[in-house]
Amino acid sequence: MNKGLTPSPWSKEFLLSQADKYQQIAEWHRISGNDSNAEKSLQLVATYQRLAKQHS
(Lines give C-alpha, C1' and ligand atoms only; values in the text may rest on other atoms or scores of the structure.)
Protein backbone atom coordinates (compact mmCIF):
# COMPACT_ATOMS: atom_id res chain seq x y z
CA MET A 1 0.00 0.00 0.00
CA ASN A 2 1.24 3.48 -0.87
CA LYS A 3 1.82 5.76 2.12
CA GLY A 4 0.86 8.85 0.10
CA LEU A 5 4.19 10.58 -0.47
CA THR A 6 4.30 9.78 -4.16
CA PRO A 7 1.74 8.27 -6.53
CA SER A 8 1.92 4.51 -7.02
CA PRO A 9 4.29 3.55 -9.83
CA TRP A 10 2.42 3.27 -13.11
CA SER A 11 -0.72 4.90 -11.73
CA LYS A 12 -2.30 7.54 -13.94
CA GLU A 13 -1.10 10.26 -11.55
CA PHE A 14 2.47 8.94 -11.63
CA LEU A 15 2.49 8.71 -15.42
CA LEU A 16 1.17 12.26 -15.79
CA SER A 17 3.75 13.56 -13.29
CA GLN A 18 6.49 11.90 -15.33
CA ALA A 19 5.12 13.44 -18.53
CA ASP A 20 5.22 16.86 -16.86
CA LYS A 21 8.75 16.28 -15.59
CA TYR A 22 10.06 15.32 -19.03
CA GLN A 23 8.19 18.23 -20.63
CA GLN A 24 10.17 20.56 -18.38
CA ILE A 25 13.41 18.73 -19.19
CA ALA A 26 12.66 19.00 -22.93
CA GLU A 27 12.11 22.74 -22.58
CA TRP A 28 15.42 23.12 -20.74
CA HIS A 29 17.24 21.17 -23.47
CA ARG A 30 15.56 23.29 -26.17
CA ILE A 31 16.59 26.53 -24.45
CA SER A 32 20.12 25.14 -24.09
CA GLY A 33 20.24 24.39 -27.81
CA ASN A 34 20.36 20.62 -27.39
CA ASP A 35 17.63 19.67 -29.84
CA SER A 36 18.56 15.97 -29.87
CA ASN A 37 17.99 15.57 -26.13
CA ALA A 38 14.87 17.75 -26.32
CA GLU A 39 13.44 15.38 -28.92
CA LYS A 40 14.24 12.34 -26.77
CA SER A 41 12.53 13.96 -23.79
CA LEU A 42 9.48 14.81 -25.90
CA GLN A 43 9.29 11.17 -26.99
CA LEU A 44 9.15 10.19 -23.32
CA VAL A 45 6.43 12.78 -22.73
CA ALA A 46 4.34 11.22 -25.51
CA THR A 47 4.92 7.72 -24.13
CA TYR A 48 3.92 8.66 -20.57
CA GLN A 49 0.86 10.53 -21.85
CA ARG A 50 -0.19 7.54 -23.95
CA LEU A 51 0.22 5.19 -20.98
CA ALA A 52 -1.76 7.55 -18.74
CA LYS A 53 -4.54 7.71 -21.31
CA GLN A 54 -4.80 3.92 -21.22
CA HIS A 55 -5.73 4.28 -17.52
CA SER A 56 -8.68 6.54 -18.37
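The figures here come from the full heavy-atom set of this structure, side chains too, leaving out hydrogens, waters and symmetry mates. Numbers here simply count residues along the sequence, with the first being 1.
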- Task: Assess whether side chain to side chain contact (heavy atoms under 4.5 Å, CB included) is satisfied between E27 and R30, documenting all intermediate values.
- Result: CA-CA 5 Å; E27 182 67 15; R30 189 190 62 76; 2.7 Å; yes
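Expressed to the nearest 0.5 Å, how far NZ of K12 lies from NZ of K53 amounts to 10.0 Å. To the nearest 0.5 Å, atoms CD1 (I25) and NZ (K40) are separated by 13.5 Å. Going from atom CG of N37 over to atom NE2 of H29 covers 4.5 Å, rounded to the nearest 0.5 Å.
When all heavy atoms are compared, the tightest approach of Y22 to S41 is O-CB, 3.7 Å. Looking at every heavy atom in both residues, A19 comes nearest to Q49 through CB-CG, 3.8 Å.
No single ILVMFWY cluster, assembled from side-chain heavy atoms under 4.5 Å apart, contains both L42 and L15. Linking Ile, Leu, Val, Met, Phe, Trp and Tyr residues whenever their side-chain heavy atoms come within less than 4.5 Å places L51 and L44 in a single cluster. L16 is not connected to F14 by any chain of hydrophobic side-chain contacts under 4.5 Å among Ile, Leu, Val, Met, Phe, Trp and Tyr, and they are in different clusters.
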